[in-house]
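All remarks here apply to the structure that follows.
Scope of the values below: all heavy atoms of this structure, side chains included, with no hydrogens, waters or symmetry mates.
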Amino acid sequence: MRVLICGGGVAGLTLAYWLRRGGIEPVVVERSPRGRLGAYEISFFGTGYDVASRMGIADRLARERLPIDAIGMVDASGKERRRLSGPLLERVVKGPYMALMHSTLEGALLEALQDDVEIRFEESIAGVRLGRTFVEVEPTSGGQERFDLLIGADGIHSVTRELVFGAEERFARQLGYKLASYSVPDRYHLGPIRAHYTEPGRQIVVHPTDRQGEAVALFIFRSSDGSAVPREKRLDLLRSTFDGMGWITPALLEDAPASEEIFMDTMTQIVMPSWHRGRVALVGDACGSMTMVSEQGVSMAMGGAYLLAEALRDERDLERAFARYERRMRPEVARRQRNALVFTKTLIPATRAGLVAQTAVTRVITREAFAPVLRLQLGAGTILPVPAQPPRGWRRTMWRLPIALYRAGFGWMMPRRVMLLTHTGRSSGEPRQAVIEVVARDGRSVVAASGFGKRADWYQNVLKTPEVTIQIGAHARPAVAVPLPAEEGADIMATYAARHPRAARRLCDLMGFDDVLDFRQVGLRIPFVRFSGRR
């Protein structure tokens with residue numbers, strides 16, 4: 001299958017990586033010359049961190065994190081009044097929290113795809129024709145080209161969405177704010193914090209970048225005008241809107257680049273009744289923009305790309321794949337959009353009295369005792385299925401209790417779907433035992449599945465030393481362990497699920513497959529081993 005991904009940002013690059021890993025050929029088109037490489041800070045945790053870890057790039061990102069150890073709220077004199085420290089943020093998100101430049105993440109993703117995925121820079125699409133078995137696109141460079149699928153990962157102002165689903169106005173939910181940003185020389189000596197200063201109707205955020213002597217200034221202000229601002233008018237609008245504002249605002253405006261170099265946009269969510277049509281689907285901000293106040297846009301873009309690639313890999317039917325992806329992602333996106341919608345109502349109070357009230361509330365909720373409240377707002381934690389880990393401590397003792405029954409001579413009491421496996425430790429060379437479930441029989445051979453995947457000790461041990469002893473009931477006999485090909489395992493899983501649907505579901509839950517539509521596809525990813533009698 002050949003898939004065209006329109007958009008080479010975080011969502012598009014993550015999707016391309018996982019499609020390629022799943023045996024699907026992606027082609028990425030990106031209208032910018034060398035990738036988007038956005039020059040602004042992102043909060044990176046939860047789902048995004050989980051996906052990055054699975055891609056093997058989390059350590060690189062950690063080495064390039066920004067020198068920001070807290071979020072600080074300052075007054076007009078620059079004095080810090082409230083602070084969210086790094087340790088508190090990690091407690092809020094229940095895991096690692098990193099401040100990154102957007103360009104750092106995109107650079108790591110581009111490197112992960114190096115020489116493995118075709119990426120066409122300075123290219124986009126100008127037309128789309130949907131066929132029953134293909135999608136025909138018209139590249140902006142001219143001509144026509146056919147693909148099996150088209151995925152729009154081209155952001156809040158998605159060209160793919162415009163061409164296939166309709167005008168942006170149909171899906172845009174304006175939140176009543178505009179934002180702008182640009183880089184400035186770091187002559188403000190703020191230290192390793194992301195500093196926020198707020199006055200009625202307007203706010204400024206300043207933080208260091210990954211470049212020595214550089215900072216980024218972010219301007220947020222209330223605006224009922226949801227239209228785009230022409231580039232040549234952006235600096236004048238900022239100057240008029242932030243005129244007379246305290247703190248270092250005059251210096252930031254003085255350091256502003258030419259108007260055409262200023263990023264400016266509305267704070268807008270994208271809300272759609274469906275994220276797919278025919279052989280076209282959307283991912284990331286193109287279908288579920290949550291705005292910067294959610295702190296989750298990048299993480300959810302990566303999570304959505306991962307789940308879409310997983311669905312396309314596992315499901316033979318395209319409609320089922322898209323439906324599975326939406327069923328997993330839509331509730332998560334909708335919840336974060338609702339949280340952001342509520343939060344933006346008090347993000348920048350319009351009056352001095354409102355600002356005083358906000359300050360009082362913030363002083364309370366930035367205490368450690370209110371970490372669960374902040375966690376609820378952020379929607380922290382990964383949305384990806386997490387495979388169960390082998391039990392430890394007292395749980396391991398309970399898990400191994402059936403072994404004691406076998407050793408005491410009560411194997412005859414155990415059901416015939418369970419067997420005692422005696423194998424050799426790959427490091428110690430000593431005998432080891434495990435009780436595992438039999439999922440299939442063929443004469444004197446039996447097949448078992450590794451419920452904890454390829455990391456299970458017994459599975460690793462039999463790969464090194466296949467000669468084992470198996471006992472079902474009261475009878476023990478020597479056997480040889482042979483791992484099965486994925487296709488054979490898939491057939492076995494499908495048969496097993498038809499006979500024992502509840503047990504099959506429990507096995508899938510144990511492995512982290514919590515959205516199963518096709519047990520055969522799951523069987524392709526679970527290790528199966530056949531134990532045959534020795535000759």
Side-chain angles (χ1 to χ4, degrees), residues 10-11 14 38-74 80-109 112 181 190-196 205-210 215-216 218 220 284-285 290-306 332-333 335-336 339-340 343 347 362-384 386:
V10 169
T14 304
Y40 52 89
E41 181 254 359
I42 58 173
S43 297
F44 197 66
F45 58 92
T47 301
Y49 188 90
D50 189 359
V51 176
S53 296
R54 299 183 188 201
M55 296 175 72
I57 62 173
D59 289 343
R60 173 192 161 163
L61 296 176
R63 291 192 298 269
E64 299 183 37
R65 64 195 304 170
L66 291 177
I68 298 175
D69 59 19
I71 298 173
M73 292 73 171
V74 303
E80 189 176 305
R81 296 297 186 181
R82 298 168 310 283
R83 165 180 285 242
L84 275 170
S85 66
L88 177 56
L89 286 169
E90 292 198 352
R91 182 179 174 191
V92 168
V93 304
K94 283 190 171 181
Y97 175 96
M98 293 188 287
L100 298 174
M101 292 300 292
H102 196 275
S103 55
T104 297
L105 176 58
E106 288 194 341
L109 292 171
S181 69
L190 300 178
I193 70 167
R194 189 178 84 191
H196 293 237
V205 182
V206 183
H207 64 81
T209 73
D210 54 349
V216 166
L218 173 65
I220 310 171
D285 282 351
M290 292 167 283
T291 74
M292 56 160 285
V293 299
S294 72
E295 300 275 8
Q296 289 280 282
V298 167
S299 282
M300 296 303 288
M302 295 183 74
Y306 179 95
E332 300 291 347
V333 168
R335 179 162 65 93
R336 287 160 177 78
N339 288 349
F343 183 63
L347 173 64
T362 305
R363 185 177 293 116
V364 173
I365 66 172
T366 50
R367 297 174 179 173
E368 287 195 17
F370 283 84
V373 177
L374 294 174
R375 186 180 307 124
L376 183 64
Q377 164 62 32
L378 288 176
T382 183
I383 66 170
L384 304 187
V386 179

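R65 meets the side-chain hydrogen bond (donor to acceptor under 3.5 Å, both in side chains) test with no other residue; sequence neighbours excluded. Partners of A195 according to the side-chain contact (heavy atoms from CB on, under 4.5 Å) rule, which considers only residues two or more places apart in sequence or in another chain, are V74, L190, I193, W247. Legend: residues meeting side-chain hydrogen bond (donor to acceptor under 3.5 Å, both in side chains) with T291, ordered by chain and number and at least two apart, are absent. Contacts of R60 classified as side-chain contact (heavy atoms from CB on, under 4.5 Å), with partners at least two apart in sequence or in another chain: R63, E64, A108, E111.
Across all their heavy atoms, P96 and F45 have their closest contact at O-CB, 3.3 Å. Contact record, L384 with G303: CD2-O, 4.3 Å, taken as the closest heavy-atom pair. Of all heavy-atom pairs spanning M290 and D285, the tightest one is N-OD1, 4.4 Å. A301 approaches A11 most closely through the heavy-atom pair CB-CB, 4.0 Å. Residue A58 comes nearest to S53 through the heavy atom pair CB-OG, 3.6 Å, listed as atom of the first residue, atom of the second, then distance. Across every non-hydrogen atom of A112 and I57, the tightest pair is CB-CG2, 4.4 Å.
Taking 4.5 Å as the limit, some side-chain heavy atom of L105 sits within range of a side-chain heavy atom of M302. A 4.5 Å side-chain heavy-atom check between H102 and F44 finds every atom pair outside the cut-off. By the 4.5 Å heavy-atom criterion applied to side chains, I220 and M292 are counted as neighbours. Residues E41 and L218 fail the side-chain proximity criterion, which asks for heavy atoms closer than 4.5 Å. Looking at heavy atoms from C-beta onward, I68 lies in side-chain contact with P208 at the 4.5 angstrom threshold. Counting heavy atoms from C-beta outward, R336 and I383 have side chains that approach closer than 4.5 Å.
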Open item on the list: Go through it in stages, so that I can follow the logic: the residues are E106 and L100, the test is side-chain contact (heavy atoms from CB on, under 4.5 Å), and I'd like the CA-CA distance, side-chain angles, deciding distance and then a yes or no.
Closed with: CA-CA 10 Å; E106 288 194 341; L100 298 174; over 6 Å; no
- [ ] Any chance you could lay out the side-chain hydrogen bond (donor to acceptor under 3.5 Å, both in side chains) test for S43 and Y97, step after step, and finish with the verdict?
- [x] CA-CA 7 Å; S43 297; Y97 175 96; 2.8 Å; yes
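Looking at T47, its side chain never comes within 3.5 Å of a backbone N or O of M300 through a donor-acceptor pair.
The distance from atom OG of S299 to atom CG of D50, rounded to the nearest 0.5 Å, is 9.5 Å. The line from OG1 of T104 to CG of L66 is 6.5 Å long, rounded to the nearest 0.5 Å. To the nearest 0.5 Å, atom CZ of residue R83 and atom CZ of residue R194 are 12.5 Å apart.
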